[in-house]
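One structure below.
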Amino acid sequence: MSIRFPSLEFFKALQQRAKDDADVFEKLGVCDTTFGIRVGSDLYRIAFEVYECTEVDETNDPASLDFVLTAPVALWKDMFESVIANGGADAAHTINTLTHVGDVMKVEYEDPEGHDRLYRFMATIQEFLDEAQHLDVEMG
Amino acid sequence: MSYISPKDFSEDTGLIAEVMRVMGGDLRLEWMKDCPHAMAARPSQPRRGLTLDDINDDPYYGPSAIPEIIRRHFSMTPRGGVLPEGLPSLGYRLNRKSDVWADSATVLFEESKSRRWAPARSVPWDALDEASLSSEEDVAIRQLCTGLTSIGLVSTDVPSRWVWLMNQDFHEIKYWMCAQMFDATRLAEAFRKRALYGRGALGCDSRELGELLKIIMESETYPLASAALNLTLFSFVQNLGRRFEYLSTNAADTYLGTRLVQDASRFVAYGIDHIRQLVGTRPSQAEIVNDHLDLVENGLVGYLGSRELIEPLVVLSGGVESVAAFYRRAAEQYFERCVAAGLGERQDRSPLPAFLKLLDS
């Protein structure tokens, strides 16, 4: 059954995929951050603790997050289409690449140390998003 | 000159008599009675294992009992161990907690080991065989790797100059510095391998990079060395990693850039926390650190402007504007970190803004 993007159900499916691929995430190492993904006007909260994605929900409190990856719906769709087509983001669609220039995907943060958690745990966060390759996604 | 113990143990009749008594079954077991404090160390989160924070969860063994200035002992005794009479001093010179301490060091040490990678097999090197790089781009990447290799090597030297001077009571910081040395070694190894992979070659060293690294290495005190290395240099190394990944066209370079970012970010995290705790405890240190960073940033301007760095970045980025914007963002993030470290706004005293303005013009 296909899962619509964007939706909370989609991010919960990524969480389940990450649990199914626990060995991959354990190999990447500990990851302790709670961050946000803003798709258009919707803000999803993703929490990682030790090796696991422990929580996924919606929030309207960005101040409680280490950082928020913010992009229009179309850009997120473009990114996840790349993930699905290439078995993981290609070089042009990694989180680092999309946020590096600053005007494609924005990284919002209040605390520089919270912001740096994106970089400390980037490989895990990328792997989490790359789990979309295993989903049957219906782009909404 | 080697140290010579004041006692010749092989001729010590008292020691030999004691050994003979033990061999004859006369066990005193005083060391057994002397155990002063037992704690029940257990993993607080089984998935994470038994961490340094778990075994520090007792005021007797944890860092909360470390005084700001250690006057009690300068021996090899681990914190919380019994100190018998007559222990030799190991000559530690870093005995002030705020000179070295960062609460986050325990977490960063555990994180460094947990997020390890091995360049020999972790990097998908064969992706480089299919990489569609022009010969100019290929040489430019190898040139960037040459500089990153130099930075990695010197970044092993800097903690090594200080760790042996640090009191054993700060063992978490010593552990962390050893992890930093290993992390920096791995970066040097990985980027040297990248430079030489296939029909590769190392590029040209940079006098300006050498000057920057020398300024950092010869910092007069450990707090100044830490600010220079962790806060300043690695803020820019982290951004170079981000640039490396951004410019990558293949899985090997994407992997290398991502790992450079993640490893460099731990240095940055320690640097912010260390300097914040230093100036929080001794506010007068802020100006001393800021004075030093004036010099370090001057060296950084030299490196950022050196042809050995800026030219390969221009070749790979397809123009100067993109490199100028990259430098500008890296500097903005660096200045934010200086504020978080308690150093205040540095833009008005730093040579970086004028340099960036020059690039924009």
Side-chain angles (χ1 to χ4, degrees), chain A residues 18-19 22-33 48-54 66-67 82-83 86-130, chain B residues 45-49 51 104 107-108 110-117 122 127 131 235 238-239 241-251 253-255 257-269 271-273 276 322 325-326 328-330 332-341:
Chain A
K19 285 183 178 172
D23 288 351
V24 172
F25 284 85
E26 189 159 339
K27 194 174 175 190
L28 286 167
V30 294
C31 175
D32 295 289
T33 180
F48 268 86
E49 190 175 353
V50 196
Y51 306 114
E52 273 182 51
C53 177
T54 51
D66 289 328
F67 57 88
S82 163
V83 166
N86 299 300
D90 64 6
H93 290 89
T94 62
I95 286 297
N96 180 67
T97 293
L98 293 172
T99 57
H100 184 63
V101 177
D103 56 0
V104 180
M105 179 182 287
K106 292 191 187 326
V107 187
E108 298 170 348
Y109 57 94
E110 293 186 2
D111 171 15
E113 289 173 282
H115 178 208
D116 278 330
R117 284 178 184 261
L118 167 61
Y119 307 122
R120 277 162 64 183
F121 305 122
M122 182 173 272
T124 301
I125 293 165
Q126 185 65 59
E127 189 67 35
F128 176 73
L129 299 173
D130 282 354
Chain B
Q45 292 174 291
R47 289 273 286 157
R48 206 183 288 276
T51 65
S104 60
V107 169
L108 294 169
E110 304 281 5
E111 188 178 308
S112 166
K113 290 176 294 152
S114 178
R115 297 188 72 83
R116 66 191 180 277
W117 52 288
S122 302
S235 276
Q238 182 209 62
N239 271 281
R242 294 202 66 202
R243 193 67 176 177
F244 197 93
E245 198 279 350
Y246 170 76
L247 295 170
S248 72
T249 58
N250 59 81
D253 287 340
T254 297
Y255 188 97
T258 304
R259 266 51 183 192
L260 174 57
V261 171
Q262 98 171 9
D263 291 359
S265 297
R266 288 193 295 273
F267 285 59
V268 174
I272 295 172
D273 200 15
R276 181 173 50 223
S322 173
F326 158 57
R328 197 165 45 247
R329 279 192 307 281
E332 284 168 6
Q333 290 180 7
Y334 165 62
F335 287 131
E336 288 175 357
R337 292 178 183 126
C338 288
V339 172

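By convention in this document, chain letters (A, B, ...) are assigned in the order of the sequence lines, proteins followed by strands, and residues within each chain are numbered from 1. The figures that follow rest on heavy atoms only: side chains count, while hydrogens, waters and symmetry mates do not. Treat the numbers as computed from the prediction; the structure is a model and nothing was measured.
Listed options Glu113(A), Glu49(A), Lys27(A) were ranked by heavy-atom pairs under 4.5 angstrom with chain B; first place goes to Glu113(A). Put simply, of Arg266(B), Arg242(B), Arg243(B), Arg48(B), the one with the most heavy-atom pairs under 4.5 Å next to chain A is Arg242(B). Between chain A and the residues Ala269(B), Gly257(B), Ser114(B), Ser104(B), the most heavy-atom pairs under 4.5 angstrom are made by Ser114(B). The greatest number of non-hydrogen atom pairs below 4.5 Å with chain A, out of Gln333(B), Glu110(B), Lys113(B), is found for Gln333(B). Most heavy-atom pairs under 4.5 Å with chain A, from the set Val268(B), Ile272(B), Asn250(B): that is Ile272(B). Of the listed residues (Thr124(A), Val101(A), Thr94(A)), the greatest number of heavy-atom pairs within a distance under 4.5 Å of chain B belongs to Val101(A). Among Arg115(B), Arg47(B), Gln262(B), the residue making the largest number of heavy-atom pairs under 4.5 Å with chain A is Arg115(B).
Judged purely by distance below 3.5 Å, without hydrogens or angles, the side chains of Asp66(A) and Thr33(A) pair a donor atom with an acceptor atom. Side chains of Thr97(A) and Glu245(B): a donor-acceptor N/O pair is present below 3.5 angstrom, by distance only.
Heavy atoms of Arg276(B) lying under 4.5 Å from chain A belong exclusively to its side chain. Only the side chain of Ala340(B) comes within contact range of chain A, with at least one heavy atom under 4.5 Å from a heavy atom of that chain. With a threshold of 4.5 angstrom between heavy atoms, Leu108(B) approaches chain A through side-chain atoms but not through N, CA, C or O. For Asp90(A), no part sits under 4.5 Å from any heavy atom of chain B, backbone or side chain. Only the side chain of Gln45(B) comes within contact range of chain A, with at least one heavy atom under 4.5 Å from a heavy atom of that chain. Using a 4.5 Å cut-off between heavy atoms, Gln238(B) touches chain A through its side chain atoms alone. For chain A, the nearby part of Thr254(B) is the side chain; its heavy atoms alone come within less than 4.5 Å.
Residues Arg120(A) and Asp263(B) are not paired through a salt bridge, judged by the lack of any N-O separation under 4.0 Å between the basic side chain and the carboxylate.
Among all heavy-atom pairs drawn from Gly241(B) and Leu260(B), the shortest one is CA-CD2, 3.4 Å.
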Assess whether side chain to side chain contact (heavy atoms under 4.5 Å, CB included) is satisfied between Arg329(B) and Asn239(B), documenting all intermediate values. CA-CA 9 Å; Arg329(B) 279 192 307 281; Asn239(B) 271 281; 5.6 Å; no
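Not less than 6.0 angstrom separates the ring centroid of Phe128(A) from the ring centroid of Phe25(A).
Within a 6.0 Å radius of CZ in Arg116(B), other residues, nucleotides and ligands contribute 12 heavy atoms or fewer.
Relative orientation of the His100(A) and Tyr246(B) rings is tilted, given thresholds of 30° and 60° on the angle between their planes.
Cation-pi geometry between Arg259(B) and Tyr255(B) is met: the NZ or CZ atom falls under 6.0 Å from the ring centre, inside 45° of the normal.
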